[in-house]
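Shown next, in structure tokens, is the structure this report addresses.
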Amino acid sequence: MAKTALSSLRMVVFVNENKTPDFAFRSMAAWGADITELPSAKVLKSAPDHDQPHDRNSWVHYRMGDYPAEPTQIDNDSIQPFHAYLAKMFTFSDHHFGIGSNSTSGHMLIVGGQTPTLKNPPFGPGGPQWDLPSIFTHAARKKITWAAVPDGDQYPVKFYSELNLAANALNVHPTSDVTNDAFIQLVQAGKLPQLSYVWGPAGADEHPPFRISDPAYLSRADDLLWRRVDAVVKAGQWDSTVFILTYDDWGGYADHVLTPVLETAVDAIHPGGFPIIGGSRLPFIMFGGPVGQRIDNTWHSHTSVIKTIIDMYGLGKFGVPRVDIAPTLTGLIDPLVKRPAPPAFGTKIVQPTPPSPRPAPVPTPAWKGPVNKPLADVVLNGGKTLAAPADAKVSLKPPKPPPALAGRASVAASGPTRRWQRPADW
């Protein structure tokens with residue numbers, strides 16, 4: 001595909017929270033995706049209204065087989081019909097993976113291909129900053145316009161020193177209110193840049209509630225994604241925009257596919273190292289006017305998001321080895337294709353009919369890159385490095401799933417759950 005054709009497109013990356021393919025996209029099994037289906041009687045008709053342990057400790061014990069991650073599936077066609085529609089009509093990747101930890105490390109892997117920490121800093125105002133390269137400043141060197149739309153706390157953009165500089169901060173548009181969304185405002189004002197990363201605000205990012213009952217959180221996130229995409233359609237930019245939807249981490253939900261072991265990290269139980277990248281398999285949908293309908297069964301991680309942007313715009317090497325050797329996904333994009341836009345927001349979504357006969361999952365080719373390497377040192381700006389993170393707390397005993405959370409306050413009385421109401425280690 002001609003590089004100039006790809007560089008004429010926009011890229012919008014949506015990042016939400018805490019899902020595995022088995023949990024969130026059950027209906028994709030009928031389309032040939034590698035999804036294990038629970039019996040219909042066990043499929044949840046409403047969103048699970050509680051959080052699960054999903055830090056590095058719980059992931060290590062889950063991968064060891066002694067922590068029972070929640071084996072849950074939702075009726076995704078009814079709970080998140082727009083998500084389901086996109087997965088069926090465009091490209092659903094069923095072998096995408098992240099890092100074997102929780103939120104902060106997962107988000108930073110998507111933005112810069114590396115993480116200086118394996119645990120969550122305290123949530124809320126402030127927090128640490130690291131002098132890390134990001135895809136935003138790398139793109140800006142080639143005059144690619146960009147925007148970051150984080151939540152109201154500016155998470156995770158606030159952790160990057162370079163993105164807190166005054167000139168770059170002008171491209172950061174925090175949003176904390178789904179009725180007054182900064183991304184939609186950019187689109188409606190005709191200011192959608194070439195590259196955008198867009199997070200869901202707390203209460204609409206698909207993260208389960210911790211202290212406050214909020215059974216509508218998945219439906220709210222589905223509607224917000226729909227409204228955001230619909231704004232791009234109404235602005236006449238559907239044909240020239242490639243969208244990605246993916247997730248920061250596994251959220252404590254079981255998934256039946258084991259990822260390849262690219263890098264390992266030392267912990268209290270594993271002095272010789274234990275898998276850290278890949279982490280759990282995560283949902284990944286690429287959609288938009290230039291994106292075809294397929295099940296993509298190739299292995300790739302969050303670093304492939306960055307590599308794809310680099311290859312689209314001819315940005316040159318990023319300088320972080322795991323990014324520069326990552327598989328590119330530009331082969332999933334064809335600027336000559338003009339796929340129809342999804343239904344307008346608020347109209348009825350009719351799920352497409354699955355193929356018949358039902359296709360079986362196609363075996364996934366083996367990962368072709370390096371495997372079983374120690375977690376690499378962190379590359380800083382200016383040619384400096386930082387020792388690979390070793391700050392995760394892994395205990396000898398596995399965590400306990402949370403008890404029944406009956407009797408919590410209702411979101412109607414208390415407002416949407418906020419990110420910093422969760423324990424920092426989850």
Side-chain angles (χ1 to χ4, degrees), residues 11 13 15 19-25 28-29 31-36 59-60 62-63 69 87 90-101 105-115 135 242 244-251 253-265 273-287 291-312 318 320-333 359-376:
M11 172 68 80
V13 181
V15 187
K19 298 294 173 284
T20 61
D22 278 351
F23 170 90
F25 287 93
M28 291 307 298
W31 294 76
D34 191 358
I35 303 290
T36 293
W59 192 87
V60 166
Y62 169 60
R63 185 78 176 233
F90 296 95
T91 295
F92 181 77
S93 294
D94 64 355
H95 282 76
H96 182 81
F97 58 88
I99 190 168
S101 187
S105 53
H107 285 290
M108 298 189 82
L109 198 67
I110 302 173
V111 172
Q114 52 185 352
T115 178
I135 186 57
V242 176
I244 286 173
L245 169 65
T246 193
Y247 295 78
D248 65 333
D249 66 61
W250 64 307
Y253 295 111
D255 193 84
H256 80 285
V257 176
L258 288 179
T259 60
V261 181
L262 279 59
E263 297 181 61
T264 62
F274 192 77
I276 179 77
I277 302 175
S280 287
R281 193 174 63 139
L282 304 175
F284 185 99
I285 306 172
M286 182 181 282
F287 61 100
V291 181
Q293 183 182 39
R294 63 173 70 82
I295 301 296
D296 164 38
N297 71 329
T298 59
W299 283 116
H300 44 80
S301 78
H302 284 338
T303 57
S304 286
V305 176
I306 301 171
K307 183 63 180 300
T308 301
I309 294 166
I310 289 170
D311 289 350
M312 278 182 62
F318 189 60
V320 175
R322 74 168 63 91
V323 172
D324 290 330
I325 66 170
T328 185
L329 305 179
T330 53
L332 303 176
I333 306 168
V362 176
T364 299
W367 173 261
K368 296 180 180 179
V371 295
N372 291 307
K373 300 287 186 180
L375 187 63

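Since the structure is predicted, the reported quantities are computational estimates derived from the model, not experimental observations.
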Response to the item:
Rounded to the nearest 0.5 angstrom, the OG1-CG distance for T308 and L332 is 7.5 Å
Item to complete: Go through I135 and I110 one step at a time and tell me if the side chain to side chain contact (heavy atoms under 4.5 Å, CB included) criterion holds.
Response: CA-CA 9 Å; I135 186 57; I110 302 173; over 6 Å; no
Worksheet item: Under 3.5 Å, is there a donor-acceptor pair linking the side chains of H256 and D34?
Response: yes
Discussion item. Under the criterion side chain to side chain contact (heavy atoms under 4.5 Å, CB included), I'd like the reasoning laid out for I99 against D249: C-alpha separation, chi angles, the key distance, then a yes or no.
Written reply: CA-CA 7 Å; I99 190 168; D249 66 61; over 6 Å; no
Worksheet item: Do T115 and L109 touch side chain to side chain, with heavy atoms closer than 4.5 Å?
Response: no
Discussion item. Please find the pair of heavy atoms, one from V15 and one from D248, that lie closest to each other, and give the distance.
Written reply: CG1-N, 4.4 Å
Discussion item. Do F25 and I285 make a side-chain contact, defined as non-hydrogen atoms from C-beta onward lying under 4.5 Å apart?
Written reply: yes
Discussion item. According to ring-ring contact (aromatic ring centres under 6.0 Å, His included), who are the partners of W31, at least two apart in sequence or on a separate chain?
Written reply: none
Worksheet item: Do the side chains of S280 and D255 get nearer than 4.5 Å, heavy atoms only?
Response: no
Practice prompt. Could you tell me the separation between the CD1 atom of I306 and the CD atom of Q114, rounded to the nearest 0.5 Å?
Written response: 8.5 Å
Worksheet entry | Approximate separation, where rounding is to 0.5 Å, of L245 CG and K19 NZ | 10.5 Å
Worksheet item: Got a sec, which residues hit ring-ring contact (aromatic ring centres under 6.0 Å, His included) with H95, two or more places apart in sequence or on another chain?
Response: W299
Worksheet entry | Qualifying residue for side-chain contact (heavy atoms from CB on, under 4.5 Å) with F97, from L258, V257, L262 | L262
Fill in: Between CZ on residue F92 and CD1 on residue I295, distance to nearest 0.5 Å
6.5 Å
Worksheet item: Between K373 (side chain) and T264 (backbone), is there a donor-acceptor pair under 3.5 Å?
Response: no
Worksheet item: So do the side chains of F284 and V305 get within less than 4.5 Å of each other, counting heavy atoms only?
Response: yes
Item to complete: Using a 4.5 Å cut-off on heavy atoms from C-beta on, say whether the side chain of R322 contacts that of L375.
Response: yes
Response to the item:
Rounded to the nearest 0.5 Å, the OG atom of S93 sits from the CZ atom of R281 at a distance of 11.0 Å
Worksheet entry | Closest non-hydrogen atom pair, S304 against P327 | OG-O, 2.6 Å
Practice prompt. Could you tell me the separation between the OH atom of Y247 and the NE2 atom of H107, rounded to the nearest 0.5 Å?
Written response: 12.0 Å
Worksheet item: Any donor and acceptor pair, going by atom type alone, linking the side chain of K307 with main-chain N or O of A326 inside 3.5 Å?
Response: yes
Discussion item. Is it true that T330 and D311 share a donor-acceptor pair across their side chains at a distance under 3.5 Å?
Written reply: no
Fill in: Student check: side-chain heavy atoms of N297 and D94 closer than 4.5 Å
yes
Item to complete: Run the numbers on I277 and H302 for side chain to side chain contact (heavy atoms under 4.5 Å, CB included), then give the verdict.
Response: CA-CA 10 Å; I277 302 175; H302 284 338; over 6 Å; no
Worksheet item: Is any side-chain heavy atom of P370 closer than 4.5 Å to a side-chain heavy atom of I325?
Response: yes
Discussion item. Does any part of the side chain of M286, heavy atoms only, come nearer than 4.5 Å to the side chain of D296, both counted from C-beta?
Written reply: no
Discussion item. Going by the rule ring-ring contact (aromatic ring centres under 6.0 Å, His included), which residues pair with F23 if we only count those two or more places apart in sequence or in a different chain?
Written reply: Y253
Worksheet item: What's the shortest heavy-atom distance between W250 and A69, and which atoms?
Response: CZ3-CB, 3.7 Å
Worksheet item: Name the one of T246, T298, I244 that satisfies side-chain contact (heavy atoms from CB on, under 4.5 Å) with H96?
Response: T246
Worksheet item: Where does the angle between the aromatic ring planes of F287 and F90 fall among parallel (under 30°), tilted (30 to 60°) and perpendicular (over 60°)?
Response: tilted
Item to complete: For T303 and G113, indicate whether the former's side chain and the latter's backbone hold a donor-acceptor pair under 3.5 Å.
Response: no
